[in-house]
Structure formats: structure tokens, C-alpha cells
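When reading the values below, keep in mind they use all heavy atoms of this one structure, side chains included, and skip hydrogens, waters and symmetry mates. A note on names: the letters A, B, ... follow the listed sequences, proteins ahead of strands, and every chain is numbered from 1.
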Amino acid sequence: MSQFIDADDLALLASSFEAAMADAPGPSEADQAMYDLGWAELLASAPGQGTATAFSALGATGSAASLLDDVVANALGAETALESCCVFPAPHKADAPGHLHGDTVIVDGMLSARAEAAVTAVLGVGTENGVGHFAVDAGLLYGPAVNGIDPGRAYRRVVVEIPAGALEPTASEGSWESAVAGARVALAHQLLGGARWMLGEARQHAIDRAQFGRPVASFQAIRHKLADSLVQIEGAASVAGACLHDSDPMLAALAKSLAGQAARTTATHAQQVLAGIGFTAEHRFHLWLKRMLVVDTLFGSASSIPVEIGQHLLSEGTAPRLIQL
Amino acid sequence: MDPETFRRDLGAWLDDNANDLTPPYEGIGSMDAHMAHYSHVKRALFDSGFGRYGWPESVGGLGGSPLLRAIIGEEINFRDLADPNAWTMIEVLAPTVIDFAPPELSARLVPPFLRGDEMWCQGFSEPDAGSDLASLSCRAAETDGGWVVNGQKIWTSFIEYSQRCVLLVRTGQPESAHRGITALLVDIDSPGISYSPIETMHGRRDFAEVHFDDVFVPSDRLLGEVNGGWRVAMDILPYERSTTFWHRGALLHRRFSDLVAQVSAAGNRGDAAAKALGQAFQWIVAFRSRSRDTQHQLAAGEQLGVETSVDKILITSAEQQLFETARDLLPGVMEFDDDLAAALWRNDYLYSKAATIYGGTAEIQRNIVARRLLDLGPES
Ligand SMILES: Cc1cc2nc3c(=O)[nH]c(=O)nc-3n(C[C@H](O)[C@H](O)[C@H](O)COP(=O)(O)OP(=O)(O)OC[C@H]3O[C@@H](n4cnc5c(N)ncnc54)[C@H](O)[C@@H]3O)c2cc1C
């Protein structure tokens with residue numbers, strides 16, 4: 001039974017999550033701090049609001065906390081624990097990362113920073129009867145470190161083959177589809193939290209920075225870029241918010257795609273407004289930009305989800321009336 | 001009445017009366033045919049009672065939440081029963097007239113408007129006052145028992161079919177800007193009003209140029225206060241961007257679904273087509289979601305304000321993207337075909353270009369977002 005948290009408590013929760021993640025030196029400390037604040041219990045009792053609050057904070061702080069593992073595990077009905085991680089789909093994809101080939105499982109997916117110290121991993125494996133979820137020894141998945149674009153190393157690729165015998169059946173009752181939907185909504189909130197942070201930085205810079213004897217915020221070209229960013233963020237945020245009361249998987253897909261698009265647009269505009277200083281390693285902007293590029297690819301991106309949705313619409317031959325008054 | 005019951009009852013009634021309510025013309029139809037059918041549908045709705053919900057009893061309504069009005073337009077547009085643009089005028093003008101007209105005046109004039117017996121128009125823009133509406137110069141001078149209006153308006157939609165006009169006039173000094181503007185409710189058949197229709201690029205006589213030559217307007221036709229017309233105009237904006245947007249969003253949703261059906265039937269299942277459709281759909285849904293939030297704010301009695309510029313930018317972007325996508329995915333259809341479906345795509349494609357112009361241009365909306373929502377300080 002999901003409980004409802006009122007606005008004041010939610011705001012309190014948001015600020016404690018933000019503080020905890022901002023103060024943590026690395027992802028494992030951030031995970032620990034979130035668990036200390038009761039994140040796992042919150043996820044179990046109020047998954048929608050809990051996820052929205054935690055992932056907005058994740059995006060706003062730029063933390064590399066591995067909360068996505070908990071969201072996916074919870075949706076699959078698996079145990080949420082700091083020692084347990086999940087294997088996520090390959091970049092831009094949403095299908096199960098494991099594929100059975102004879103007595104080998106080909107794993108092509110992603111892992112979060114939590115996988116480094118995790119004991120077990122939850123792996124979705126596509127079979128002819130749909131996706132099954134299994135527990136595997138996390139050590140089988142964790143290979144040599146790869147740097148990638150994100151200095152915070154929140155996520156990394158995993159491409160390995162493991163013996164089918166390593167798969168241990170789990171008693172999970174959740175569906176892969178619901179895990180995908182849950183992850184997409186969570187990531188939408190993270191992308192929007194990050195986009196709002198980038199917009200905030202650009203806005204402040206535009207007000208503080210003077211050229212030609214006036215703040216650059218007074219130039220219409222700058223103003224319209226920031227306005228367009230805000231409009232996309234608000235449109236996407238409304239859909240992400242609607243997912244709280246509506247579990248339609250297509251709505252979750254749209255939320256993720258819209259949030260990714262809003263984050264891309266905002267990053268481009270914020271970069272341009274920040275100009276030289278925003279191109280430095282010293283300014284923190286690049287950290288949010290790079291995290292956004294990574295998070296955008298998880299569980300389908302702003303480029304791949306529209307294809308998925310469009311294919312679905314074309315096969316139905318009609319568009320469903322989403323969002324009811 | 002609760003919205004879900006209302007939607008169910010209304011839906012059943014619309015289905016039962018489908019024959020009577022379906023337009024008698026196929027495809028686009030002439031402007032005259034549109035307007036006649038629009039009045040017919042409005043009247044049927046009003047007489048059945050459905051069309052009176054969401055409006056106060058003082059103007060012939062049955063009360064209830066404005067959500068009920070959003071639902072009516074949504075169901076009408078999903079079923080393609082009546083012209084959404086003509087309908088817009090009611091949702092844009094009636095709430096403000098109810099707010100600002102003397103109660104006896106609105107009790108007398110608003111009911112025929114709601115029933116579709118009358119059409120009203122909005123006389124704001126002038127040849128030299130478009131985006132800079134506060135610079136308008138059509139003058140009203142006080143005279144015995146009222147005003148005498150002289151000047152010109154332009155782009156006045158539906159004036160040919162209208163009985164009345166919400167008119168903004170200059171009553172202060174020429175340089176008084178928004179402080180010297182007054183709003184009047186003027187009868188179109190008043191001596192001294194003349195207009196010449198302007199044909200739009202989508203081949204319709206949507207709007208006209210209007211001349212006022214010593215037009216007498218009695219003093220009881222004042223909306224709000226003398227020199228308080230700017231408040232009236234500002235009061236209209238949130239209405240212009242709430243209920244009517246929900247209606248138009250339903251139309252866009254239906255047209256999107258038409259597009260999916262046509263592309264699907266043509267066997268175009270490529271990823272490029274799918275992506276374009278997915279991208280168009282996501283902004284339609286983003287608008288719809290945002291507008292839903294706005295409808296609920298309105299229903300809760302909250303004062304809507306500048307944040308509705310976000311709704312406006314979302315719907316105009318969604319609309320233009322939808323019809324650009326249609327042009328791409330139905331190759332050559334709107335450019336070269338003349339069948340009904342092609343004519344409709346052509347019409348809607350061309351009309352979508354007006355979306356970033358009327359009701360405050362795309363640039364003006366972004367100026368508002370930048371100044372009021374992002375608090376970026378003054379422009380240079
Ligand atoms: C289909 C249609 C129906 C209409 N119906 C009505 C109606 O019923 N009643 C009515 O009163 N009016 C109506 N209008 C008029 C409409 O409100 C005006 O066209 C609109 O306000 C813009 O004015 P304008 O055309 O004079 O353009 P202008 O204001 O001259 O603008 C020209 C260009 O300059 C830009 N611009 C202007 N000021 C700024 C600024 N400060 N910053 C940045 N860019 C700026 C504009 O965005 C635009 O791109 C209608 C228009 C259309 C297209």
C-alpha cells in the first residue's frame with residue numbers, strides 16, 4: 001500500500017536528501033547517507049513521491065549516488081540493499097541486458113558505481129517466455145575500469161559472457177516492463193533536476209556578467225534561450241509529475257524522452273550563455289553536462305524513445321488519449 | 001456535477017445525437033457553413049443543459065466547475081463536431097465580460113452568446129498597434145450618455161458573423177499608454193461601423209479591417225472602469241490560454257491520431273517516420289499535461305497569470321511541429337493533392353503558421369517568460 005506524503009514533509013525530505021548527497025565525497029558514501037535517511041523504506045512505502053524527490057535531488061546536486069539500483073530492484077520485487085546492484089540496459093535501449101545463448105548468457109548493459117563493491121547483481125534475461133530476473137555474483141560482471149566521459153563515473157558499460165549456470169532464480173514478482181517505467185520516471189526527475197541546476201547557473205551568470213555596459217541578461221538572444229529552456233523543463237516536469245498518478249508505461253517513456261530533450265536543450269543554451277567560463281574545467285557546468293549525456297542514454301534516450309513510441313503508434317494505427325483532466 | 005459523470009453523460013448524449021451534430025459539409029467547408037453549424041451545435045448543447053454547465057447562473061448557466069467547459073470542448077473536438085476557433089471566442093471573452101460588465105448587462109447579453117445565437121469578436125489590434133498593444137490609438141471621446149468612437153481596428157476575427165465586439169479604445173492622452181485605455185462592449189450594427197474582410201493565406205475570410213466613424217456607444221457598455229481597460233485586457237489573457245487551449249489541444253491530438261492512421265495505412269513503418277511521430281507526440285502530450293495542471297488551477301479558483309505563457313509556447317510549438325511532421329510523412333500530399341484529406345492537411349498546415357502570431361507572438365511570450373518567470377531584469 002502506497003502512502004501519501006504531504007508537501008511540507010516532502011520539502012523537508014528534499015532538502016535533507018540534497019544535503020546528504022552534496023556532502024558525500026563519493027557514490028558509496030552518498031548511497032550510505034541516503035540509506036541512513038531511510039531511502040529504502042521510503043521507496044517501499046511511497047515509491048512515486050520518494051523517487052521523484054530523491055532523483056530531483058540527485059540531478060540538482062550532481063551526485064553519482066546509485067539510487068537507480070534500488071528503484072529497479074524495488075520494481076522487480078527484489079531486495080534493495082547496498083550490497084546489491086542491478087544490470088541496466090545497454091545505452092539508448094530498454095530491453096533486458098541479458099540474452100540466453102545455449103548455456104551462455106551474453107550480458108550487454110550498464111552498471112552503476114554501486115556494482116564495484118556489490119555482492120550480488122540482479123540481471124534481467126530475455127528468453128522466449130519474456131524477461132526473467134536472476135541473481136548473479138556481481139564479481140562476474142565487474143571488469144577493468146573504463147573512464148568514459150563522466151568524471152564522476154556514475155555508470156559504466158558491461159559487456160561480458162557468463163555461464164547460464166551462474167544464474168540463480170529469484171522469487172521476484174515485478175515485471176521488467178514496470179521496472180523500465182519506474183526507472184524512466186526516476187531518471188526523468190534526475191535529468192530535470194540537473195537541467196534546473198544548469199538553467200540556474202546560466203541565469204545567475206547572465207545577471208552578473210556585464211558586457212557593453214549592461215548585464216548580458218538584458219540581451220534578447222540570451223533571454224529567449226533561457227526562456228526556451230524553462231518552457232521545455234516545465235513541459236517535461238508536468239509529464240514526469242503526471243506519472244505519479246498514472247502508471248501507463250507510455251507516459252513514463254514520454255517523461256524520460258521529454259526530460260532528456262529538455263536537458264539537452266538547456267545544456268546547449270546554458271553552455272552558450274556561460275560562454276568562456278562554461279568551457280573550463282574549473283566551472284562545474286561540465287560535470288552536469290557530462291552526467292546529463294550519460295543519464296540521457298539510460299533506459300532509452302531522447303533520440304531512441306521517440307522511435308520506440310512511434311513504432312508502437314504505427315502498429316496500433318492510432319494515438320491513445322494520454323493525460324485525463 | 002462531478003467531471004467524470006459529466007463526461008460520461010455528455011459522451012452518451014453526443015453519441016445519441018451524432019447524426020444531428022455531425023457537420024453537413026465534408027472536409028473544410030465554407031466559412032458560412034462552419035459558422036452555421038457551430039451555432040447549431042452550441043444551441044443543441046445549451047438546450048440539452050450540457051452547454052450551461054461551468055457558467056454562473058447569473059448568465060443562464062447551471063454553475064459547476066470550469067472543468068466541465070474544458071470537457072465539452074475536448075469531447076467536441078475529439079469527435080470533430082464544431083469549429084474550435086469560433087468556440088474560442090466564448091471562452092476568451094465571456095468570462096471577462098462576466099467579471100467586468102455591470103451584472104444586468106451580462107445577464108442580458110451573455111446568454112445568447114453562450115447559446116450560439118450570437119457571435120462576439122475581439123477588437124484589440126490596430127494597424128500600428130500589434131505586439132505593442134498599449135500604443136493603440138482608436139479613440140473614444142465622452143459625450144452625453146456615452147462615448148463616440150473614431151479610429152481603426154485590424155485582424156478582428158469573426159466580425160462578419162458577430163453581433164458584438166469587446167473593443168479597446170484610447171480614452172486618455174495619446175501618450176498615456178496602458179493607463180489611458182478603456183474597454184467597451186459595442187454592438188456591431190451601431191451606425192458608423194464598417195468593415196472589409198481580409199482573406200487569409202489559408203483561403204478564408206477569418207478576419208477583417210474595421211473602421212469606426214463617429215460610433216456612439218452608450219455608457220452602460222463600459223467594461224470595468226474608465227481608463228481601466230488594460231486590466232480587462234490582462235484578465236482575458238489567462239482565459240485565452242486555459243480552457244480554449246485544452247480544446248485546441250484535443251484537436252491537435254485528433255489530427256495527430258489521423259496522421260498516425262494515414263502513415264500506418266500507407267505502410268511507412270521506418271524508424272525515421274516513427275521517430276518524427278514520437279517526437280511530435282511527446283510535445284502534444286507535454287502541452288496536454290501542462291494544460292491539465294492549468295485547468296485544475298483555474299477550477300480551484302486560483303488567479304492565473306504570466307505562467308500561462310508557458311502553455312502558449314508549448315501548444316504553438318506542438319502545433320507547428322505536428323503539421324511539419326505531417327508534411328514530411330505524407331510526401332507531396334498537401335502540396336499537390338486536392339482530395340478532402342489533402343485539403344484539410346493543407347488548411348491545418350497553413351493555419352498552424354498563425355499560432356506563433358495571434359494571442360501574443362512567440363517572441364512576446366518569450367519576453368514574458370524571461371522577464372516575469374526567470375526574473376532576468378529589464379531588456380536592453
Ligand atoms: C489568425 C489571426 C487572428 C487574429 N485575430 C485577432 C482578433 O480577433 N482580434 C485582435 O485584436 N487581433 C487579432 N489578431 C492580431 C494579432 O493579435 C497580432 O497579429 C499580433 O498581436 C502581432 O501583431 P502584428 O501582426 O502587428 O506584429 P508586430 O507586433 O508588428 O510584430 C512583427 C514581428 O516583430 C516581433 N516583435 C514585436 N515586438 C517585439 C519585441 N518587443 N520583442 C521581440 N520581438 C518583437 C513580433 O514577434 C513579430 O515577429 C489575429 C492575428 C492572426 C494572425
Side-chain angles (χ1 to χ4, degrees), chain A residues 199 202-203 206-207 212-220 222-243 246 250-251 253-255 257-258 261-262 302-325, chain B residues 3-4 7 67 70-71 74 78 246 250 253-254 256-257 259-261 263-265 268-269 271-293 295-296 307 309-310 313-314 317-318 363 365-371 373-380:
Chain A
L199 177 59
R203 174 190 172 271
I207 289 167
F212 301 97
R214 60 212 154 196
V216 297
S218 69
F219 301 122
Q220 202 173 65
I222 298 280
R223 300 166 82 85
H224 286 194
K225 281 184 166 56
L226 298 182
D228 280 331
S229 303
L230 182 67
V231 169
Q232 290 201 3
I233 289 172
E234 295 299 358
S238 177
V239 176
C243 292
D246 188 338
M250 187 184 269
L251 202 61
L254 288 165
S257 179
L258 284 160
Q261 188 54 57
S303 305
S304 67
I305 292 176
V307 180
E308 171 193 322
I309 290 172
Q311 287 295 4
H312 179 78
L313 297 172
L314 284 171
S315 66
E316 298 284 308
T318 177
R321 210 197 290 195
L322 296 179
I323 304 285
Q324 311 307 329
L325 256 192
Chain B
E4 273 329 296
R7 189 192 292 279
L67 286 180
I71 290 171
E74 180 182 8
F78 266 109
W246 185 255
H253 204 300
R254 172 171 57 78
F256 177 75
S257 205
L259 177 62
V260 169
V263 175
S264 177
N268 183 354
R269 302 284 175 90
D271 276 355
K275 184 172 186 178
L277 288 171
Q279 285 177 328
F281 190 50
Q282 72 183 5
W283 289 108
I284 290 172
V285 174
F287 159 72
R288 199 167 146 86
S289 183
R290 168 77 185 190
S291 183
R292 176 194 176 279
D293 300 342
Q295 307 307 320
H296 281 275
E307 66 289 343
S309 283
V310 171
I313 297 172
L314 285 172
S317 315
E363 290 71 28
Q365 302 307 327
R366 282 162 177 80
N367 290 350
I368 294 169
V369 171
R371 181 73 205 249
L373 299 181
L374 284 168
D375 199 15
L376 287 174
E379 251 179 69
S380 61

(message) If I compare all heavy atoms of Ser218(A) with all of Pro378(B), which pair ends up nearest, and what's the gap?
(response) CB-O, 3.5 Å

(request) With a 4.5 Å cut-off on heavy-atom pairs, point out which of Ala272(B), Ser264(B), Ala274(B), Gly278(B) contacts chain A the most. (result) Ala274(B)

(request) State the CG-CG distance between Asn268(B) and Leu314(A), to the nearest 0.5 angstrom. (result) 7.0 Å

(request) Among Gln295(B), Glu4(B), Gln365(B), His296(B), single out the residue with the greatest number of heavy-atom pairs under 4.5 Å to chain A. (result) His296(B)

(request) Measure distances from Ala302(A) to the heavy atoms of chain B and classify the residue's part below 4.5 Å as side chain, backbone, both or neither. (result) backbone

(request) Measure the spacing between CD of Glu363(B) and CD of Gln220(A) and express it to the nearest 0.5 Å. (result) 7.5 Å

(message) So which atom in Leu67(B) and which in Leu325(A) form the shortest heavy-atom distance, rounded to 0.1 Å?
(response) O-CD1, 3.9 Å

(message) Just verifying a value: how many Å separate Leu322(A) CG and Ile284(B) CD1, rounded to the nearest 0.5 Å?
(response) 10.5 Å

(message) Counting only non-hydrogen atoms closer than 4.5 Å, does Phe78(B) touch chain A with its backbone (N, CA, C, O), its side chain (CB onward), both, or neither?
(response) side chain

(request) Write down the atom of Arg203(A), the atom of Asp375(B), and the distance for their closest heavy-atom approach. (result) NH2-O, 3.2 Å

(request) Please report the shortest heavy-atom distance between Arg288(B) and Ile323(A), naming the atom on each side. (result) NH2-O, 2.8 Å

(request) Mind checking the NE2-CZ spacing from His312(A) to Phe281(B)? Nearest 0.5 Å is all I need. (result) 9.0 Å

(message) Please classify the contact between Ile207(A) and chain B as side chain, backbone, both or neither, with a heavy-atom cut-off of under 4.5 Å.
(response) side chain

(message) Please classify the contact between Gln232(A) and chain B as side chain, backbone, both or neither, with a heavy-atom cut-off of under 4.5 Å.
(response) both

(message) Among Ser289(B), Ser309(B), Ala280(B), which residue has the highest count of heavy-atom pairs closer than 4.5 Å to chain A?
(response) Ser289(B)

(message) Report which part of Gln324(A) has an atom under 4.5 Å of a heavy atom belonging to chain B: side chain, backbone, both, or neither.
(response) both

(request) Sort Ile368(B) into side chain, backbone, both or neither according to what part of it lies under 4.5 angstrom from a heavy atom of chain A. (result) neither

(request) Go through His253(B), Glu74(B), Arg371(B) and name the one with the most non-hydrogen pairs under 4.5 angstrom from chain A. (result) His253(B)

(request) Count the heavy-atom pairs under 4.5 Å between each of Ala286(B), Ala273(B), Ser291(B), Ala250(B) and chain A, then report the option with the highest count. (result) Ala286(B)

(message) Less than 4.5 Å to any heavy atom of chain B: does that hold for the side chain of Leu251(A), its backbone, both, or neither?
(response) side chain

(message) Tell me the closest heavy-atom pair linking Ala319(A) and Ser257(B), and the distance in Å.
(response) N-OG, 2.9 Å

(request) Could you tell me which of Leu374(B), Val369(B), Asp293(B) has the largest number of non-hydrogen atom pairs under 4.5 Å with chain A? (result) Leu374(B)

(message) I need the residue from Leu313(A), Leu199(A), Ile309(A), Ile222(A) with the largest number of non-hydrogen atom pairs under 4.5 Å to chain B.
(response) Leu313(A)

(request) Please determine, among Pro215(A), Ser238(A), Gly310(A), Ala242(A), the option with the most heavy-atom pairs under 4.5 Å with chain B. (result) Ser238(A)

(request) To the nearest 0.5 Å, tell me how far Arg366(B) CZ sits from Arg223(A) CZ. (result) 14.0 Å

(message) For Ile305(A), which atoms come within 4.5 Å of any heavy atom of chain B: side chain, backbone, both, or neither?
(response) neither

(message) Give me the atom names and distance for the closest heavy-atom approach of Ser380(B) to Phe219(A).
(response) OG-CD2, 3.6 Å

(message) So for Ser303(A), is it side chain, backbone, both, or neither that comes closer than 4.5 Å to the heavy atoms of chain B?
(response) both

